[in-house]
Amino acid sequence: MHANAILCDLDGTLLDTVADIAFAVNTTLRDLGRATISTAAVTAYVGQGVDVLLHRALSGDREGRVDADLLQRARARFDPVYIAVNGQNARIYPGVEEGLSRFAALGLRLGCVTNKPQRAAEVILVQFDLARHFDCVVGGDALPQRKPAPQPFWHAADRLGVPRADCLVLGDSANDANGARAAGMRVALVDYGYSEGRPISEIDCDAVFSSFVELADMLEAHDCTEPR
């Protein structure tokens, strides 16, 4: 599994952020006169950006959609609440900091490709002292397309100056895996995080890891940073 760059997801891969997301979702629902939902439900709805999250939360269905006016009102409430609480109850997953340092020591370029809004992504990466590890950050509103479209991955590869085929996507869901495949990239998934209720074992990927350190061990042991 050769790589010269790793493109990391953020929510559910680098950081456990669902408590803050759930707070913003439930504040939005209450303000719109809707019943709140469980953190477990929010976890299953995370992964395809804020609009999809709100469609799901408002409809109570992972495939559900609400009308444009309701979505607009929900988004107008969600955005400032989430910016205010972003990172307050988040935590770094075990092994992430060590793993990122070891990736860099192996000569890998690092990018963060997330469906979290650009501003929120940049703020939380700085807050947890992770921004220093990344040569680029591509948020969910940075381009017209977001994951699982391939364009965010292509954009990150181009910014890093690394051929697309030499990039490894590291994420936690089918959203990451499908985007990586569409982009012509290999993909490794962590076995924690937010997989939209789908077992990792059912998702097409090249490898599954329990921590960034485990992936660093594999890359180091097999000299996977050198082209084959």
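- Residues Ser195 and Asp172 have side chains that never bring a donor and an acceptor to within less than 3.5 angstrom of each other.
- Other residues, nucleotides and ligands contribute more than 12 heavy atoms inside 6.0 Å of the OH atom of Tyr93.
- When the options Leu100, Leu219, Leu106 are evaluated for a side chain to side chain contact (heavy atoms under 4.5 Å, CB included) with Ile6, the one that passes is Leu219.
- By the 4.5 Å heavy-atom criterion applied to side chains, Leu7 and Leu160 are counted as neighbours.
- Other residues, nucleotides and ligands contribute at most 12 non-hydrogen atoms within 6.0 Å of the CZ atom of Arg119.
- A donor-acceptor pair under 3.5 Å is absent between the side-chain atoms of Asn86 and the main chain of Tyr82, judged by distance alone.
- Checking side-chain atoms of Asn178 against main-chain N and O of Ala174 turns up a donor-acceptor pair under 3.5 Å.
- Nearest heavy-atom pair, Gln88 versus Ala84, reported as atom, atom and distance to 0.1 Å: NE2-O, 3.1 Å.
- For Arg34 (side chain) and Leu58 (main-chain N/O), a donor-acceptor pair under 3.5 Å exists by modelled atom type.
- Closest heavy-atom contact between Phe153 and Met185: O-CE, 3.5 Å.
- Under a cut-off of 6.0 angstrom, the local environment of CD in Gln127 is crowded, with over 12 non-hydrogen atoms contributed by other residues, nucleotides or ligands.
- Looking at Tyr194, its side chain does come within 3.5 Å of a backbone N or O of Val18 through a donor-acceptor pair.
- Among all heavy-atom pairs drawn from Ala74 and Thr28, the shortest one is O-CG2, 3.6 Å.
- Proximity of His155 to Asp158: side-chain heavy atoms (C-beta onward) are nowhere separated by under 4.5 Å.
- At least one side-chain heavy atom of Arg181 sits under 4.5 Å from a side-chain heavy atom of Asp204.
- Side-chain contact check for Val138 versus Arg159: some heavy-atom pair is nearer than 4.5 Å.
- A distance-only check finds no donor-acceptor pair linking the side chain of Arg164 to the backbone of Ala157 [under 3.5 Å].
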